[in-house]
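Ligands are counted one by one from 1 in listed order, and the atoms in each one are counted from 1 as well.
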Amino acid sequence: MTFQNFIGGTWKPSASKKTFLKVNPANIDDVIGKFPQSSRADVREAAEAARDAYKHWRLVPAPKRGDILRKAGMILEARKDELAREMTREMGKIFAETKGDVQEGIDTAYYAATEGRRLFGHTVPSELPNKFAMSVRQPIGVAGCITPWNFPLAIPSWKIFPALLCGNAVVFKPAMETPKTAQLFVEVLIEAGVPDGVLNLVQGGDEAGKAVVDDPNVNLISFTGSSQTGAIVAQNCAKRHKRVSLEMGGKNAIVLMDDADLKLALDGVVWGAFGTTGQRCTATSRLLLHEKIHDKFLDMLLKRVEKLKLGYGNDEGIDVGPVINETQLKRVLNYIEIGKSEGAKCLIGGKRATGNGLGKGYFIEPTVFANVKPDHRIAQEEIFGPVLSVMKFKTFEEATQILNGVRYGLSSSLYTKNVNLAFQAMRDFETGITYINAPTIGAEAHLPFGGVKETGNGHREGGWQVYDFFSETKTIYVDFSGSLQRAQIDNYES
Ligand code: ADP
């Protein structure tokens with residue numbers, strides 16, 4: 001099956017007619033389809049179509065734009081299972097999780113729909129008599145949305161729904177690993193009534209992404225991906241004075257105090273570390289154990305990890321799916337070798353899984369390293385796979401220091417019953433998100449999402465805050481005095 005780009009309301013192949021093949025990472029013999037390999041010319045056409053459509057879309061009342069997004073939410077809801085099945089086939093995470101991914105899109109759509117009736121500005125008293133002052137929210141123009149593959153519906157919805165609601169047109173460049181979900185997502189929005197040209201889909205890889213950033217018709221960029229690529233995107237945006245929002249890597253940790261509910265923590269650690277095969281930017285990649293419960297908890301953890309069932313996520317009873325592709329497989333296996341060579345102890349897993357019919361997929365056994373030191377590479381670098389690095393600490397202060405001692409700052413977690421420590425963690429853990437007695441994953445669509453340090457550049461997705469990114473503030477003064485009133489001068493004349 002060959003799929004196409006969607007530009008100016010028309011499905012069409014890339015100008016060069018080049019395509020790329022997408023396969024199921026749980027079974028590479030299962031071909032999902034051929035998708036357009038887009039280049040600069042396709043992006044230019046999409047951005048021009050968006051620029052044109054923007055002229056009308058910006059004038060559609062925001063509540064009306066919200067109605068279209070509500071309809072999109074309803075269609076997503078009706079097609080939830082079908083979309084989730086396709087997503088599991090395309091990128092590997094298990095069916096329960098891909099349903100969660102679609103649900104996040106539904107939640108984001110309904111939130112956006114109601115935001116259409118808010119989009120608040122401010123009214124403020126003027127310092128002069130018979131003068132009215134206010135600020136209103138206005139669209140910006142064409143938004144370039146560049147997305148990764150690990151949340152192939154949720155992340156595009158986080159960007160595209162608020163962008164559209166605010167009155168922007170969109171050029172959407174999804175990851176090459178999840179073109180089918182992107183295709184289905186765009187079909188839903190067309191069915192919901194998004195007018196021609198307002199949403200444009202350009203499939204392809206890094207070249208297409210770069211072209212979106214460079215295109216003069218694109219005014220702002222919302223990017224989620226690696227910190228390395230994010231830095232390049234930011235530099236290219238700076239050259240053109242484009243607004244840019246970056247969501248990047250993480251090296252998230254759970255801290256387990258000696259008073260914690262260990263059973264509760266066990267559920268959280270396993271879910272945080274091995275959910276989505278560890279391929280979340282919020283995945284629990286480090287586990288910091290208080291020395292008093294270190295051995296006991298490790299023992300509990302290994303017994304649980306041993307039972308995790310690897311397989312195709314659309315089959316019943318599977319806990320962990322494959323990693324996304326061969327590059328990622330090699331990268332994660334390489335990190336496992338690095339861990340061993342640095343002196344950490346691999347307690348379980350540590351290799352590719354090929355038995356029980358898994359040989360056609362990119363499966364890695366859930367892996368736990370103990371004796372990890374805070375400066376080890378597996379304790380510092382984002383692995384993006386089913387690998388957990390365990391460290392031991394003596395005091396909460398030491399744990400805080402280890403937790404904060406990385407380049408990233410996305411998510412963190414503390415398990416304790418001590419309310420004072422909980423509040424210290426909320427204040428002192430240097431991350432954009434902190435969980436108490438819950439793992440590092442589990443963001444809700446109506447709260448701000450994002451990180452500090454090399455994880456982000458100060459913007460947030462989700463909730464109310466993302467609407468600031470996708471809109472411009474305009475300040476308006478209306479003088480109904482009938483005479484020239486000079487601010488700061490006439491009202492202070494002695
Ligand atoms: P990952 O390592 O998670 O695959 P990347 O950061 O490489 O993530 O890519 C995230 C998204 O950014 C993808 O859609 C990719 O095609 C796109 N991309 C890659 N390089 C660039 C670039 N230089 N400019 C814009 N987009 C890019």
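Closest protein heavy atom to atom 1 (P) of ligand 1: Trp149 NE1, 4.4 Å. For atom 13 (C) of ligand 1, the nearest non-hydrogen atom of the protein is Thr147 O, 3.7 Å. In this structure, the protein non-hydrogen atom closest to atom 23 (N) of ligand 1 is Ile232 CG2, 3.9 Å. The nearest protein atom to atom 21 (C) of ligand 1, hydrogens excluded, is given as Thr229 CG2, 3.4 Å; this is a heavy-atom distance. Scanning the protein for heavy atoms near atom 2 (O) of ligand 1, the closest one is Ser226 CB, 4.1 Å.
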Practice problem: Decide side chain to side chain contact (heavy atoms under 4.5 Å, CB included) for Phe185 and Leu83; before the verdict, give the C-alpha distance in whole Å, the side-chain angles of both, and the deciding distance to 0.1 Å. | Solution: CA-CA 9 Å; Phe185 178 71; Leu83 293 168; over 6 Å; no

Quiz prompt | Derivation and outcome, side-chain hydrogen bond (donor to acceptor under 3.5 Å, both in side chains), residues Tyr335 and Glu381 | solution = CA-CA 9 Å; Tyr335 268 114; Glu381 297 173 23; 2.5 Å; yes

Quiz item: What's the verdict on side-chain hydrogen bond (donor to acceptor under 3.5 Å, both in side chains) for Thr19 and Lys34, showing C-alpha distance, side-chain angles and the deciding distance?
Solution: CA-CA 6 Å; Thr19 56; Lys34 276 189 196 165; 5.0 Å; no

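Side-chain contact between Asp81 and Phe95: present, with at least one pair of heavy atoms (C-beta onward) separated by less than 4.5 Å. In this structure, Ile348 and Pro366 have side chains that are not in contact, with every pair of non-hydrogen atoms separated by 4.5 Å or more.
A donor atom on one side chain and an acceptor atom on the other are not found under 3.5 Å apart for Trp149 and Gln279. For the residue pair Gln103 and Lys80, a side-chain donor N or O sits within less than 3.5 Å of a side-chain acceptor on the partner. Side-chain atoms of Ser227 and Glu454 include no donor-acceptor pair closer than 3.5 Å.
When each atom of ligand 1 is checked for a heavy atom of Val213 under 4.0 Å away, the hits are 25 (C). Applying the 4.0 Å criterion to heavy atoms of Ile146 picks out, from ligand 1, the atoms 11 (C), 12 (O), 14 (O), 17 (C), 25 (C), 26 (N). Counting atoms of ligand 1 from 1 in the listed order, those under 4.0 Å from a heavy atom of Lys210 are 24 (N), 25 (C), 26 (N). Atoms of ligand 1 lying under 4.0 Å from any heavy atom of Ala175, numbered from 1 in the order shown and given with element: 14 (O). Atoms of ligand 1 found under 4.0 Å from any heavy atom of Lys173, numbered from 1 in the order shown, are 13 (C), 14 (O), 15 (C), 16 (O). The contact set between ligand 1 and Gly225, taken as ligand atoms under 4.0 Å from a residue heavy atom, comprises 6 (O), 10 (C). Listed by atom number, the atoms of ligand 1 under 4.0 Å from Val233 heavy atoms are 24 (N), 25 (C).
Using a non-hydrogen distance threshold of 4.0 Å, Phe384 does not register as a contact of ligand 1. Look at Gly205 and you'll find a heavy atom under 4.0 Å from some atom of ligand 1.
The side-chain tip of Arg137 does not point at the ring of Trp464 from less than 6.0 angstrom away and within 45° of straight on. A cation-pi arrangement, defined by a distance under 6.0 Å to the six-membered ring centre and an angle within 45 degrees of its axis, is absent between Lys340 and Phe369.
Atom 9 (O) of ligand 1 is never approached by the protein to below 4.0 angstrom, counting heavy atoms only.
Summarising the local packing, CG of Asp29 is surrounded by more than 12 heavy atoms from other residues, nucleotides or ligands at distances under 6.0 Å.
Between Thr224 and ligand 1, no pair of N/O atoms sits closer than 3.5 Å.
The proximity of Asn236 to ligand 1, defined as any non-hydrogen pair under 4.0 Å, does not occur for either the backbone or the side chain. With a 4.0 Å heavy-atom cut-off, ligand 1 is reached by no atom of Pro148. With a 4.0 Å cut-off on non-hydrogen atoms, Asp206 touches ligand 1 through its backbone as well as its side chain.
Taking the six-membered ring where the residue is Trp, the centroids of Phe172 and Phe161 are separated by 6.0 Å or more.
Proximity annotation for atom 25 (C) of ligand 1: of Gly249, Cys281, Gly209, Gly209 comes nearest, heavy atoms only.
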